Protein chains: 2
Amino acid sequence: MSESTHANSPRWRRLPGERPRQILDAALEVFGERGLAAARLEDIARSAGVSKGTIYLYFPNKEALFCEMIREIPSRHIASVEAMISESATAREQLRAYLRNSWDYVRTPPFEILYRLILSELHHFPDLYEQFIEEVPMRSMRILAGIVTRGIESGEFREIDPLAAGRMLHSVLFVHGVWAAKRARIPFMRDLSDNQVLDQLVDFCLHAIGQAPAPTASHVHT
Amino acid sequence: MSESTHANSPRWRRLPGERPRQILDAALEVFGERGLAAARLEDIARSAGVSKGTIYLYFPNKEALFCEMIREIPSRHIASVEAMISESATAREQLRAYLRNSWDYVRTPPFEILYRLILSELHHFPDLYEQFIEEVPMRSMRILAGIVTRGIESGEFREIDPLAAGRMLHSVLFVHGVWAAKRARIPFMRDLSDNQVLDQLVDFCLHAIGQAPAPTASHVHT
DNA sequence: ACGATTACTGACTCATAAGTAAGTTACTCT
DNA sequence: AGAGTAACTTACTTATGAGTCAGTAATCGT
């Protein structure tokens with residue numbers, strides 16, 4: 001009745017420039033909810049505000065859409081985290097700052113979803129997996145290792161294998177990020193605020209790699 | 001030809017007692033390889049050495065089989081890990097021992113698969129998820145927290161929130177376990193032996209929660 | 001030895017969703 | 001304006017695999 005537009009407001013619009021991104025965002029949502037195999041292209045289409053056929057104008061098939069999504073999404077965020085590394089200050093402060101920034105990234109829903117999808121579907125896309133590993137965790141570890149190295153040189157940190165330390169720091173940080181993103185469903189995260197968890201992380205990490213605070217044998221401060 | 005057995009060796013045997021376990025093991029393999037949605041019941045049947053119909057004699061449907069698998073498998077291992085907690089010795093030694101035992105459990109393929117499946121399919125089985133969380137990570141964290149508490153009392157460890165410490169220790173340990181299980185595909189794990197990683201873990205963790213380190217200077221191998 | 005019973009098989013049905021292509025609508029350019 | 005074309009839709013085909021069930025083979029009881 002009032003559906004058939006006589007004059008204005010067309011039923012749909014041509015937006016070839018924006019479609020890929022709209023579809024990729026919808027794909028993240030639906031793949032994140034159901035996984036690669038169980039996700040329906042029609043759901044992605046509906047969520048993107050287009051019809052199923054349109055997806056095939058921009059992506060050859062379901063798998064390719066999935067891969068493209070994995071490739072595209074992290075590149076949006078990573079750079080901004082890295083840009084924030086402060087040059088000056090002590091290694092301690094650098095580490096604190098980097099942990100705080102990563103913490104904000106790592107708790108976002110897109111990251112949690114991506115991490116989960118990568119983990120569960122990596123079997124069938126080895127190249128994709130390696131790219132992700134290189135672009136997210138290894139990058140993070142290398143930066144952490146760099147900070148640790150500088151801290152060792154300045155005497156702030158104890159002598160520890162910087163790459164190993166980077167791996168350790170990364171693992172606590174990322175796991176807690178994933179947990180925090182799903183906080184409501186995880187009992188032992190429910191009563192903690194994000195800032196509390198971050199404080200615990202920083203405290204734990206700094207003690208793990210820090211120089212002994214006091215060289216004397218037993219000296220418990222209140 | 002020689003297939004139709006005249007006298008001995010029947011084409012199949014009746015093993016109602018062993019079928020459930022056989023099917024569950026096969027399910028772990030196939031679900032682990034393809035995920036819940038993409039796994040084919042026929043593949044599970046073949047891997048279990050039965051036909052598809054047989055699965056339906058023991059499990060009402062695919063989802064139920066999946067859930068039963070998630071429920072059944074971890075219970076086989078957990079108890080054995082917990083049994084190994086030594087009562088005597090210092091908290092330091094207890095922690096070392098517990099990390100070593102968990103390390104062996106956490107690197108096994110079944111654990112890696114289960115962890116991955118839980119992470120990717122938890123959406124649709126909240127009760128199952130909560131059970132797993134309670135039975136595996138929380139159990140582990142509580143034990144770790146207990147050891148930490150004792151270490152604080154004895155003055156071996158610094159004053160730290162034991163539950164927070166338990167969470168931290170658990171997260172490094174488990175992530176490295178998962179990585180180690182998939183070592184071949186993870187660049188930064190390839191050149192490390194399991195024992196090297198364990199040493200790094202223990203070193204990192206003891207420093208993180210330890211009192212000002214013991215007199216030993218540093219034991220950087222090679 | 002030979003029914004009776006129970007464990008198991010395999011060929012079937014049927015729903016679902018990926019991928020396709022012919023048709024339709026919005027926009028462009030003269 | 002109105003022909004031309006690029007963007008999009010919709011109805012279709014087809015493959016796949018979950019779940020079923022009538023029948024078959026192994027084992028038990030006597």
Side-chain angles (χ1 to χ4, degrees), chain A residues 2-27 29-69 121 124-125, chain B residues 2-27 29-69 121 124-125:
Chain A
S2 58
E3 197 70 2
S4 56
T5 55
H6 302 282
N8 53 359
S9 76
R11 288 219 298 267
W12 46 267
R13 303 208 296 149
R14 310 166 111 197
L15 299 165
E18 310 179 24
R19 292 306 187 209
R21 175 120 185 193
Q22 291 174 331
I23 294 168
L24 288 170
D25 285 341
E29 185 190 312
V30 178
F31 282 135
E33 190 60 38
R34 329 264 298 212
L36 171 55
R40 285 183 297 243
L41 257 328
E42 295 227 41
D43 287 350
I44 296 175
R46 186 153 31 79
S47 167
V50 298
S51 73
K52 190 172 62 163
T54 300
I55 293 177
Y56 285 91
L57 298 175
Y58 297 97
F59 303 93
N61 55 46
K62 196 188 191 184
E63 276 200 0
L65 169 61
F66 182 81
C67 292
E68 190 50 35
M69 181 192 82
E121 316 280 3
H124 310 289
F125 309 103
Chain B
S2 57
E3 197 72 0
S4 57
T5 54
H6 301 282
N8 53 358
S9 75
R11 287 221 296 269
W12 46 266
R13 302 208 297 151
R14 310 165 113 200
L15 300 165
E18 310 178 25
R19 293 303 187 210
R21 174 120 185 195
Q22 292 174 331
I23 293 168
L24 288 169
D25 285 340
E29 184 191 312
V30 177
F31 282 134
E33 189 60 37
R34 330 263 300 210
L36 171 55
R40 285 182 297 242
L41 256 332
E42 296 226 39
D43 287 350
I44 296 175
R46 187 152 32 78
S47 167
V50 298
S51 75
K52 191 170 60 161
T54 300
I55 293 176
Y56 286 91
L57 296 175
Y58 296 97
F59 304 93
N61 55 47
K62 196 187 191 185
E63 276 200 0
L65 169 60
F66 181 82
C67 292
E68 191 48 36
M69 180 192 81
E121 315 282 3
H124 310 289
F125 310 102

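Below, all heavy atoms of this structure are taken into account, side chains as well, without hydrogens, waters or symmetry copies. Convention: sequence-line order gives letters A, B, ...; per-chain numbering from 1. Since the model is a prediction, treat every value here as computed from it, not as a measurement.
B:Tyr56 has its OH atom 16 Å from the P atom of C:dG10, to the nearest Å. B:Arg19 places its CZ atom 6 Å from the P atom of C:dT9, with the value rounded to the nearest Å. Computed from coordinates, the B:Asp43 CG to D:dG17 P distance equals 8 Å when rounded to whole Å. Taking atom CZ on B:Arg11 and atom C1' on D:dT27, their separation rounds to 16 Å, with Å as the unit. Between B:Leu57 atom CG and D:dT24 atom P the separation is 17 Å, expressed in whole Å. D:dT20 atom C1' lies 17 Å from atom NZ of B:Lys62, rounded to whole Å. Going from atom CD of A:Glu18 over to atom C1' of D:dC8 covers 15 Å, rounded to whole Å. As rounded to whole Å, 15 Å separates atom C1' of C:dA7 from atom CD1 of B:Ile55.
Using a 4.0 Å heavy-atom distance criterion, B:Ala39 is classed as a sugar-phosphate-only contact.
In this structure, B:Tyr58 reaches the C:dC8 phosphate: one of its side-chain N or O atoms is under 4.0 Å from OP1 or OP2. Distances shown here put every side-chain N or O of B:Arg13 at or beyond 4.0 Å from the OP1 or OP2 atom of D:dA26. Side-chain N/O atoms of B:Arg40 include none lying less than 4.0 angstrom from OP1 or OP2 on D:dT16. The shortest distance between the side-chain N/O atoms of A:Thr54 and the OP1/OP2 oxygens of D:dA7 is not below 4.0 Å.
Rounding to the nearest 0.5 angstrom, the gap separating the CD1 atom in A:Ile44 from the CZ atom in A:Arg34 is 10.5 Å.
When each of A:Glu42 and A:Val50 is assigned the nucleotide of DNA chain D bearing its nearest heavy atom, the one mapping closer to the 5' terminus is A:Val50. Annotation: of the two residues near DNA chain C, B:Gly49 and A:Pro60, the 5′-most nearest-nucleotide partner is B:Gly49.
Of the candidate nucleotides D:dC8, C:dG19, D:dT9, C:dG19 has the atom lying nearest to any side-chain atom of A:Asn61. Comparing D:dG19, C:dC8, C:dA18 by their closest approach to the side chain of B:Trp12 singles out C:dC8.
Using bins of under 30°, 30° to 60° and over 60° for the plane-to-plane angle, the ring pair B:Phe66/B:Phe31 lands in the perpendicular bin.
A distance-only check finds a donor-acceptor pair linking the side chain of A:His124 to the backbone of B:Glu33 [under 3.5 Å]. Distance alone, capped at 3.5 Å, places no donor-acceptor pair between the A:Glu68 side chain and the A:Phe59 backbone.
Between A:Leu41 and A:Ile55, the closest heavy-atom pair is O-CD1, 3.6 Å.
With hydrogens and angles left out, the side chain of A:Lys52 and the base of C:dA17 share no donor-acceptor pair within 3.5 Å.
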